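Notes for the one structure printed next.
Residue numbers begin at 1 in each chain, while the letters A, B, ... track the order of the sequences. Remember, it's a predicted structure, so these values are computed and weren't measured experimentally.
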Amino acid sequence: MHISADMLFWIQQKRWLLIALIVGAILYFFVPHPQSLGQDGYHILIIILMTLILILKEPIPLPAIALQLIFWQVIIGGSSANEVGSYFMNDAVFFIMGSLMLAVAIVSQGLDKRLALGIIRITGNKTWRIVAGFTAISAILSSFVGPHMVTAMMLPVALTLIRYTSNKGQSNTGLIAALLFSIAYGATIGSIGTPSGGGRNVIMMNYWAEFGSGSLSYIEWMKMVYPMVLIEIPITAFIILKTFPPELKVLDRAVRHLSVEVAHAGKMSWKEIFSLVLFAAVLYGWIALSEVYGLGSIALMGIFLYLTFGLVSWKDLSRGVNWGVILLFGATISIGVQMKNTGGAAWLAEGSVNFLQVFIPNIDTLRAVVSVALSGVLSNLLSSSATVAVVGPVVLNLGGDPILLGLASVISSAFGYFTAVAAPACTIIYSSGLVKAPDFLRAGWKMAIMSVISLALVALVWWPLFR
Amino acid sequence: MVATIMTKKKVPFDPKSLKFLTAVSSAEYSKPTLKMGALIASVFDASHGVVYVGERASEFHGSSVNLTRQNLDNWNIIHPGLEVLEWALKELKTLSPENEELAKIQFNPDHVYEEDGRVRVILPDDKGCRIELVLREGELVDQLRKEIQLEGYDLAIIGGSQNKRHLAHSILQYLPSSIFVLQKFNPRKKYKLLLLVDDSMATIKSIEWGALIAEKLGWPVRTLTVSKTKRFGAGYQGAADKAKAYFDSRGIEVEQFFLTGDPVRTFVEFAGDNHFVIMGASTLNPVKQFLFGSKPIKTLEQTDVPILIVR
């Protein structure tokens with residue numbers, strides 16, 4: 001057979017798809033399922049392994065990865081098409097869809113210019129105060145609206161400051177990294193603060209409900225997790241300033257330019273005011289009514305109002321939302337549920353506990369370590385939401401308190417500081433081209449140590465007061 | 001098979017129809033590459049495209065990145081990577097101060113055409129300069145290949161890379177054009193043109209290209225024919241003779257060398273650090289090239305001089 005250069009190139013580009021299929025086929029046809037795990041559970045784990053390879057290397061488009069998850073569950077996973085479909089859409093997926101749409105709706109209002117002015121008024125023109133201010137504002141906003149929206153709004157502010165900063169021909173790499181990482185890491189540490197801070201939080205809440213593991217209200221979640229966000233904010237700012245010392249102590253000229261640019265925006269229009277009021281209503285709904293109506297349906301109600309009042313067009317929404325991601329989350333959650341139903345999750349959980357018990361005899365510590373390590377490591381390779389969707393069912397089968405272990409897993413899935421792929425905020429600043437991959441490592445290891453210590457502190461000192 | 005060298009009697013190829021593409025990465029590292037790209041394009045009177053290939057965000061967060069970029073537009077902050085193309089245009093103007101048409105072309109980051117992951121800068125004042133500025137995102141070889149296929153480029157000009165082994169394999173295997181790799185290229189250095197001659201079909205075109213470069217740049221020319229055995233067959237000898245005849249017919253002085261030994265090692269040793277190597281692309285089938293490499297791939301991997309591989 002003659003293989004042309006085009007074919008060879010296709011094979012080279014798709015090699016990870018071929019590897020995933022070959023690994024899957026070998027396990028399916030030649031390796032018998034373990035005695036302690038049923039055939040369906042084994043097949044579900046094979047599908048998950050193939051999917052992890054595909055998500056990690058992206059040899060095919062994201063929506064295609066989602067589609068293969070669906071049909072494999074039906075073909076080899078022992079599930080019926082209706083069963084897979086029934087888990088596909090739920091409140092978590094509604095929430096992810098709604099929050100992506102809300103981000104488009106809010107960002108398109110141009111409210112970031114008001115936000116910039118507000119921040120600068122608080123921080124003044126000293127660099128360390130601006131970095132600390134960016135970290136704090138990003139963290140607090142992200143805890144309610146998610147990191148992607150906050151970073152989309154904050155990045156232009158930082159880039160405008162950078163554009164107008166003159167350092168007499170010298171490089172500003174420290175200042176640039178400090179400003180950009182204050183947004184990315186600020187938004188990332190904040191995203192654990194409330195259920196609406198990220199898709200993964202809602203995925204975990206969905207698993208708790210689906211597996212009958214209990215529940216946490218919006219306020220209860222905040223009470224348990226927000227102190228950790230508050231502890232992390234000043235330390236994060238400190239780590240960033242020490243890792244990337246800014247070349248300039250004062251950004252006087254840049255701040256003046258930014259103020260002038262923002263002043264051109266004029267007075268707030270009724271559209272901006274109304275859009276803020278609507279968003280406040282959505283936020284109120286999440287806090288006060290999500291236990292009854294769910295976070296997803298409230299987000300979708302908000303979108304309905306934005307569309308109805310002409311604050312955003314459907315064209316903008318459909319263009320700005322990555323529907324492939326929504327498809328993937330639906331598919332990942334459905335396989336997560338199948339992993340639980342077929343015993344695959346319990347088998348993995350038991351296997352990890354048995355293997356690691358030799359090293360860590362205390363079972364509570366062991367469960368916590370497995371939960372944190374699994375989520376923390378995987379989130380640096382996949383995205384944090386995908387990590388929770390896959391790891392969640394395993395963690396909830398470890399035994400112990402599923403709420404505490406679930407929280408530990410969700411929180412540690414936000415420890416994706418080492419790479420640009422883990423968190424949307426990190427990807428966004430990386431895509432600016434102004435920070436490099438090694439910069440994530442330089443600051444990431446310090447952030448990871450700080451976060452693990454903060455989590456341990458909160459889990460050992462604060463959480464016992466509630467459970 | 002003995003290659004037939006084109007002589008004056010035959011219709012020579014039309015350099016004006018050629019399209020060259022220079023890949024740049026930054027103002028800091030790509031200055032020599034762009035300079036050589038512009039020079040070679042002017043030698044051939046070819047149209048010249050400049051492409052910047054940036055990193056593509058993970059598809060997982062693609063919509064967040066797009067949302068941010070849309071918002072950056074509202075703040076008049078240009079798409080990352082466009083500043084490299086802006087620099088490239090400025091640099092091209094500096095390199096050709098006599099080109100009045102080029103001087104008139106203005107870069108406007110708002111005048112871009114975005115399609116299928118490719119951003120093309122619209123240059124409304126381009127009247128006859130035949131300049132293209134393109135931004136792409138993704139894996140370098142994949143994007144260069146797409147650009148070459150889309151626009152039908154004849155030559156891709158790229159800088160050297162740290163990851164030389166992987167790059168050599170990928171670009172020579174998968175880029176469907178001639179390739180010019182500017183390894184450790186020093187614009188101030190006086191190079192000798194070293195043409196590797198054998199009996200392959202690709203040698204014909206490499207001789208034509210080499211002659212044009214030597215003619216325009218006034219570089220001394222050497223041809224090197226390497227045989228694994230002490231005996232040079234009729235094919236090799238004939239190809240070398242015809243190459244000489246072609247250069248003579250154009251009035252270009254040429255020094256001929258015949259050496260024996262391992263071809264790649266001999267090329268590399270002979271090239272040293274002061275030659276500009278031109279050789280034909282391999283005609284081996286793609287699978288053999290992938291598994292065992294080829295003379296151009298191995299030469300590119302082992303030399304530290306600029307090398308033009310003509311397809």
note = Rounding to 0.5 Å, atoms CD1 (B:I78) and CZ (A:R163) come to a distance of 9.0 Å
Matching residue for B:N71 among A:L155, A:D112, A:T151 - test: side-chain contact (heavy atoms from CB on, under 4.5 Å) = A:D112
ask   = Say you draw a straight line from CG of A:L8 to CG of B:L291; how long is it, rounded to the nearest 0.5 Å?
value = 8.5 Å
key: Residue pair A:Q12 / B:Y174, side-chain donor-acceptor N/O under 3.5 Å   = no
ask   = With a 4.5 angstrom heavy-atom cut-off, which part of B:E139 approaches chain A: side chain, backbone, both or neither?
value = side chain
request  = Provide the closest heavy-atom pair for A:A5 versus B:P286 in the form atom of the first, atom of the second, distance.
outcome  = N-CG, 3.5 Å
task = Examine whether an atom of A:Y430 lies under 4.5 Å from a heavy atom of chain B, and if so say whether it belongs to the side chain, the backbone or both; otherwise answer neither.
result = side chain
key: chain A contact via B:Q70 - which portion, at a heavy-atom distance below 4.5 Å   = side chain
query = Given a strict heavy-atom distance threshold of 4.5 Å, which part of B:E55 is in contact with chain A: side chain, backbone, both, or neither?
reply = side chain
query = Which distance, rounded to the nearest 0.5 Å, do you find between the CG of B:L67 and the CG of A:L100?
reply = 9.0 Å
task = Anything in residues 22-33 of chain B with a heavy-atom distance to chain A below 4.5 Å? Please list those residues in order.
result = none
note = From the list B:R56, B:E137, B:Q173, B:R145, the residue making the most non-hydrogen contacts under 4.5 Å with chain A is B:R145
ask   = Are any of the side-chain heavy atoms of B:F60 and A:L62 separated by less than 4.5 Å?
value = yes
ask   = Non-hydrogen atoms of chain B under 4.5 Å away: do they reach the side chain of A:L258, the backbone, both or neither?
value = side chain
message = I need the residue from B:D142, B:V141, B:N66 with the largest number of non-hydrogen atom pairs under 4.5 Å to chain A.
response = B:D142
message = Heavy-atom pairs under 4.5 Å with chain B - which of A:P61, A:A152, A:P156, A:A423 has more of them than the others?
response = A:P156
request  = Select, from A:S385, A:S432, A:G433, the one with the greatest count of heavy-atom pairs under 4.5 Å involving chain B.
outcome  = A:S432
request  = Please indicate whether B:K93 has more than 12 foreign heavy atoms, meaning atoms of other residues, nucleotides or ligands, lying under 6.0 Å from its NZ.
outcome  = yes
task = Would you indicate whether B:F290, at its atom CZ, is surrounded by more than 12 heavy atoms from other residues, nucleotides or ligands within a distance under 6.0 Å?
result = no
remark   = Rounded to the nearest 0.5 Å, the CG atom of A:L159 sits from the CG atom of B:L72 at a distance of 6.0 Å
inquiry  = Can you confirm whether A:V321 sits close enough to B:S63 that some side-chain heavy atom of one is under 4.5 Å from a side-chain heavy atom of the other?
reply    = no
task = Please state whether the side chain, the backbone, both or neither of A:A425 comes within less than 4.5 Å of a heavy atom of chain B.
result = neither
